[in-house]
Amino acid sequence: MSPTVISLFDHSGRFVEPWAAAGYTCYCVDVQHPPGQTWMGNVCLVGGDVRRFVPPAGPVAFVAAFPPCTDLSNAGAHLFKVKGLRALAASLDLVGAADDLCHQLGAPYFIENPRGQLRHYFGEPCYQFDPCEYAGWLPDPGVEAYTKRTCLWTGHGFRMPEKRPVFPVKGSMVDKVPQSKNRANLRSLTPRGFSAAVFHAHHYAL
Ligand SMILES: C[S@@+](CC[C@H](N)C(=O)[O-])C[C@H]1O[C@@H](n2cnc3c(N)ncnc32)[C@H](O)[C@@H]1O
């Protein structure tokens, strides 16, 4: 049975693209996918709550998690009091579910979130990066020549991949995405350069 790749809180599927292209079976779990399982080639979109996700049996090559950061990130700290304790508790519950799955599955993993509340629970992040530091992995590096610093908490042999930086000519992406119905999804897209680099670091290590 070939190892699978599991990506939690993944609507775009960008993280699994290189793994899927290499033939891995990939699962992207996100409440925004259609309910149940939708297969797109060897990628399974799992529409539902991560807290109820039952991983497939068999070996797992990699686990990625991109839990919602709205009620955790320092960028929204001025609203913490207004949002209240329950918003914080709900967000931490999702991160806790991802953390449980990462530990249960035993494969190299990361949990991604911007700087914020998680350091009080997980400690300082293992790594931090801006998308532009990995843009050089792309055929057109200019697409991700921007900053949007984020943090990784990692384990089970995760190796921070080699950087191929480009100058961030696009500036910061934190506040640049224009208002639209899809703004939240556009702002949280996984950078493809980082995805490619993680794949190369771990695929060859298998
Ligand atoms: C910060 S975004 C990460 C997006 C990801 N980087 C991507 O490229 O699609 C968080 C994602 O978590 C999803 N989400 C929120 N609550 C969820 C839950 N309880 N179970 C599964 N997914 C959830 C949202 O729909 C959103 O796509």
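Whatever order the structure lists ligands and atoms in, that order sets their numbers, starting from 1. Keep in mind the model is a prediction, meaning the values are calculated, not measured.
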Step through it carefully: locate the ring centre of Trp19, locate the ring centre of His202, and say whether they are under 6.0 Å apart. no
Are the ring centres of His203 and Phe62 closer than 6.0 Å? no
List the atom pairs, with distances to 0.1 Å, where a side-chain N or O of residues 64-77 and a protein N or O form a donor-acceptor pair under 3.5 Å, not counting sequence neighbours.
unit_1, atom_1, unit_2, atom_2, d
Asp71, OD1, Lys83, NZ, 2.9
Ser73, OG, Ala75, N, 3.0

Is the Phe129-Phe194 ring centre distance short of 6.0 angstrom? yes
Considering residues at least two apart in sequence or located in another chain, which fulfil the side-chain contact (heavy atoms from CB on, under 4.5 Å) criterion with Val169? Ala145, Phe167
May I have every N or O pair linking ligand 1 to the protein at under 3.5 Å, one per line with atom names and distance?
unit_1, atom_1, unit_2, atom_2, d
ligand 1, 6 (N), Ser188, O, 2.7
ligand 1, 6 (N), Thr190, OG1, 2.9
ligand 1, 8 (O), Ser12, OG, 2.6
ligand 1, 8 (O), Thr190, N, 3.1
ligand 1, 8 (O), Thr190, OG1, 3.1
ligand 1, 9 (O), His11, N, 2.8
ligand 1, 9 (O), Ser12, N, 2.8
ligand 1, 9 (O), Ser12, OG, 3.3
ligand 1, 19 (N), Asp49, OD1, 3.3
ligand 1, 19 (N), Asp49, OD2, 3.4
ligand 1, 20 (N), Val50, N, 3.0
ligand 1, 22 (N), Val31, N, 3.2
ligand 1, 25 (O), Asp30, OD1, 2.6
ligand 1, 25 (O), Gln32, NE2, 2.9
ligand 1, 27 (O), Asp30, OD1, 3.4
ligand 1, 27 (O), Asp30, OD2, 2.7
ligand 1, 27 (O), Gln32, NE2, 3.2

Residues which pass side-chain hydrogen bond (donor to acceptor under 3.5 Å, both in side chains) with Gln117, listed by chain and number, not counting sequence neighbours: none
